[in-house]
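Quick notes on the structure that follows.
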Amino acid sequence: MFKEQNNILIFALTGLCLAAVFALTAVLAGLGTRWSFWDFRAGLKIFRWSSYAEAVIFVLTLAGLILAIYKQSQHIFIFSLTGFLISVTVAGTALKWMYVARHVPAIHDITTDIENPPQFDAVLALRKNAPNSSEYPGGEISVMQRKAYPGIGPFNAKLKPDKAYELCLAAAKEMGWKIVNAKRDAGFIEATDETFWFGFKDDIAIRITPFNESSRIDLRSVSRVGRSDVGTNAKRIQKFFKRLRDKI
C-alpha cells in the first residue's frame, strides 16, 4: 500500500516538474526572440513544441488528480493540481492563438484608409531589413480587411487639426508607443510598438487632416515580420481610437 502510494507521488511530482520545465521553455521561446537569441520562426517553433508537450502533461496530471482523489492523498492532489494548472495555461494559450489565427485573415497591414493609406517616412530606415514591405499591397488584402474588420475606418473628431494632433500624440505616448517622427504642421506622427512576450515590432503612421470644421484621423499599423499578425494591428487601431475618444 505504502509502495503504491509512493509510486503515485513520484508520478505526480514528475508531472509537476515536466509542466514547470516546458512552461519555462515556452516563456523563453518568446523572451529569446525578444532578446534576439534566435529569430521569430525558431521562437514560434519552440513555443509550439512546448505546447504539444504540455498537452501530453495535461493528460498525465489529470490522471494524477483522479488517483489522488481515489487514494485520498492531499500531497498527491496538490502536486497534480499545480502541474495540471500549469499545463492548462500553456496549452490553452497555444490553442487560443491557433483559434484566433484561423479566424482572422493572414494579413499584417491594417489601415483606416485603404484608398489612400498613410505612408511611412522616418520609419523606413528602421524597416530596411524587415521581411515585410512597407508598401501597402491593396487589392485582395483590402478586400480581406473589409470583410474581417468592417468597423476599421477613419476617426472624425470635432476638433481643430492642432488640437487633434496634440491628443493623438498624447494618446500614442500613453499607449507606450515609441515616437519616431512627429510633425505638427503636417499633422503626421510615426511610431513603433512591440508586442508583449515575443517583442514583435510593428510600425504605426497617424495622419490628421482638416475635414470641414473638424479633423479626420487615419491610422496605419504594419508588422515587420510574419504573414499574419493574428489580429494585433486591428486591435491596436481600435484601442487607440478608444483612448482618443475617452480623451475627447
Side-chain angles (χ1 to χ4, degrees), residues 100-101 103-124 126-127 130 132-195 200-248:
V100 173
H103 288 79
V104 297
I107 56 179
H108 55 262
D109 192 337
I110 303 295
T111 177
T112 59
D113 187 349
I114 61 176
E115 301 297 334
N116 181 30
Q119 300 298 309
F120 292 108
D121 183 18
V123 158
L124 294 177
L126 303 176
R127 295 182 63 94
N132 291 342
S133 173
S134 61
E135 294 295 324
Y136 184 66
E140 185 182 356
I141 299 299
S142 301
V143 175
M144 293 168 70
Q145 177 187 314
R146 279 176 171 167
K147 183 177 179 180
Y149 311 112
I152 295 290
F155 185 97
N156 295 316
K158 293 182 179 180
L159 299 169
K160 291 184 178 180
D162 277 354
K163 183 62 177 178
Y165 171 88
E166 290 176 5
L167 292 180
C168 284
L169 185 60
K173 290 179 178 178
E174 288 174 9
M175 292 187 68
W177 299 353
K178 181 180 179 182
I179 306 302
V180 178
N181 185 23
K183 297 179 178 179
R184 177 187 294 271
D185 293 341
F188 183 65
I189 301 167
E190 289 178 278
T192 62
D193 189 24
E194 287 189 8
T195 62
F200 292 128
K201 287 183 171 62
D202 302 330
D203 298 304
I204 306 112
I206 306 173
R207 183 180 65 201
I208 302 103
T209 54
F211 182 73
N212 295 330
E213 298 299 319
S214 304
S215 296
R216 168 174 166 155
I217 301 167
D218 284 292
L219 251 73
R220 184 178 170 205
S221 185
V222 187
S223 302
R224 294 187 190 178
V225 300
R227 182 186 174 198
S228 173
D229 63 6
V230 198
T232 299
N233 288 302
K235 288 180 181 177
R236 179 178 293 116
I237 292 174
Q238 291 165 344
K239 288 179 180 178
F240 177 85
F241 281 158
K242 182 181 183 303
R243 183 175 292 268
L244 189 61
R245 190 177 295 109
D246 291 341
K247 296 178 76 67
I248 293 174

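Just the heavy atoms: all of them, side chains too, but no hydrogens, waters or symmetry mates, feed the values below. Here the structure is a predicted model, which means the values were calculated and not measured.
A pairwise comparison of heavy atoms in G138 and S142 identifies CA-OG, 3.3 Å as the closest pair. Pairing each heavy atom of I179 with each of A172, the nearest pair is CD1-CB, 3.9 Å. Closest heavy-atom contact between F188 and Q119: CZ-O, 3.1 Å. Taking both residues in full, the closest heavy atoms of P118 and R220 are given as O-NH1, 3.0 Å, listed atom of the first, atom of the second, then distance. The two residues I208 and P161 make their nearest non-hydrogen contact at CG2-O, 4.0 Å. The nearest pair of heavy atoms linking F120 to I204 is CE2-C, 3.6 Å.
With rounding to the nearest 0.5 angstrom, the OH atom of Y136 is 7.5 Å from the CD1 atom of I141. Atom CE of residue M144 and atom OH of residue Y149 lie 9.0 Å apart, to the nearest 0.5 angstrom. Within the model, atoms CG of L169 and CD1 of I189 stand 4.5 Å from one another, a figure rounded to the nearest 0.5 Å. Interatomic distance, NZ of K242 versus NZ of K235, reported as 15.0 Å (0.5 Å rounding). Taken from CG in D218 to CG in N116, the straight-line distance is 8.0 Å, to the nearest 0.5 Å. To the nearest 0.5 Å, atom CG of residue L159 and atom CD1 of residue I217 are 7.0 Å apart.
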Inset, instruction - Run the numbers on T111 and Q145 for side chain to side chain contact (heavy atoms under 4.5 Å, CB included), then give the verdict. - result: CA-CA 9 Å; T111 177; Q145 177 187 314; 4.1 Å; yes
Inset, instruction - Apply the test side chain to side chain contact (heavy atoms under 4.5 Å, CB included) to residues V123 and N181: give CA-CA distance (whole Å), side-chain angles for both, the deciding distance (0.1 Å), then the verdict. - result: CA-CA 8 Å; V123 158; N181 185 23; over 6 Å; no
Inset, instruction - May I have the step-by-step check of side chain to side chain contact (heavy atoms under 4.5 Å, CB included) for S214 and N156, ending in yes or no? - result: CA-CA 7 Å; S214 304; N156 295 316; 5.7 Å; no
Inset, instruction - Determine, stepwise, if the pair T232 / T195 fulfils side chain to side chain contact (heavy atoms under 4.5 Å, CB included). - result: CA-CA 8 Å; T232 299; T195 62; 4.1 Å; yes
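Between the side chain of H108 and the backbone N or O of S223 there is no donor-acceptor pair closer than 3.5 Å. S215 places no side-chain N or O within 3.5 Å of a backbone atom of A157 that could act as its donor or acceptor partner. When atom types are taken as modelled, the side chain of N233 and the backbone of D109 share no donor-acceptor pair closer than 3.5 angstrom. With hydrogens and angles ignored, the 3.5 Å screen pairs a side-chain donor or acceptor of D113 with a backbone N or O of E115. Of the possible polar contacts, one joining the T112 side chain to the L219 backbone as a donor-acceptor pair under 3.5 Å is found.
Among pairs with a residue in residues 164-175, those fulfilling side-chain hydrogen bond (donor to acceptor under 3.5 Å, both in side chains) read E166-R184, E174-R243, E174-K247, at least two apart in sequence or across chains.
Of the options R224, R236, K201, a salt bridge (Lys or Arg N to Asp or Glu O under 4.0 Å) to D193 is made by R236 and by none of the others. W177 pairs in a side chain to side chain contact (heavy atoms under 4.5 Å, CB included) with only one of the listed residues (D203, T192, I206), which is I206.
Taking F241 as the reference, F155 meet the ring pair (Phe, Tyr, Trp, His ring centres under 6.0 Å) condition, with sequence neighbours excluded.
If you check the side chains of S134 and R127, you find no donor sitting under 3.5 Å from an acceptor.
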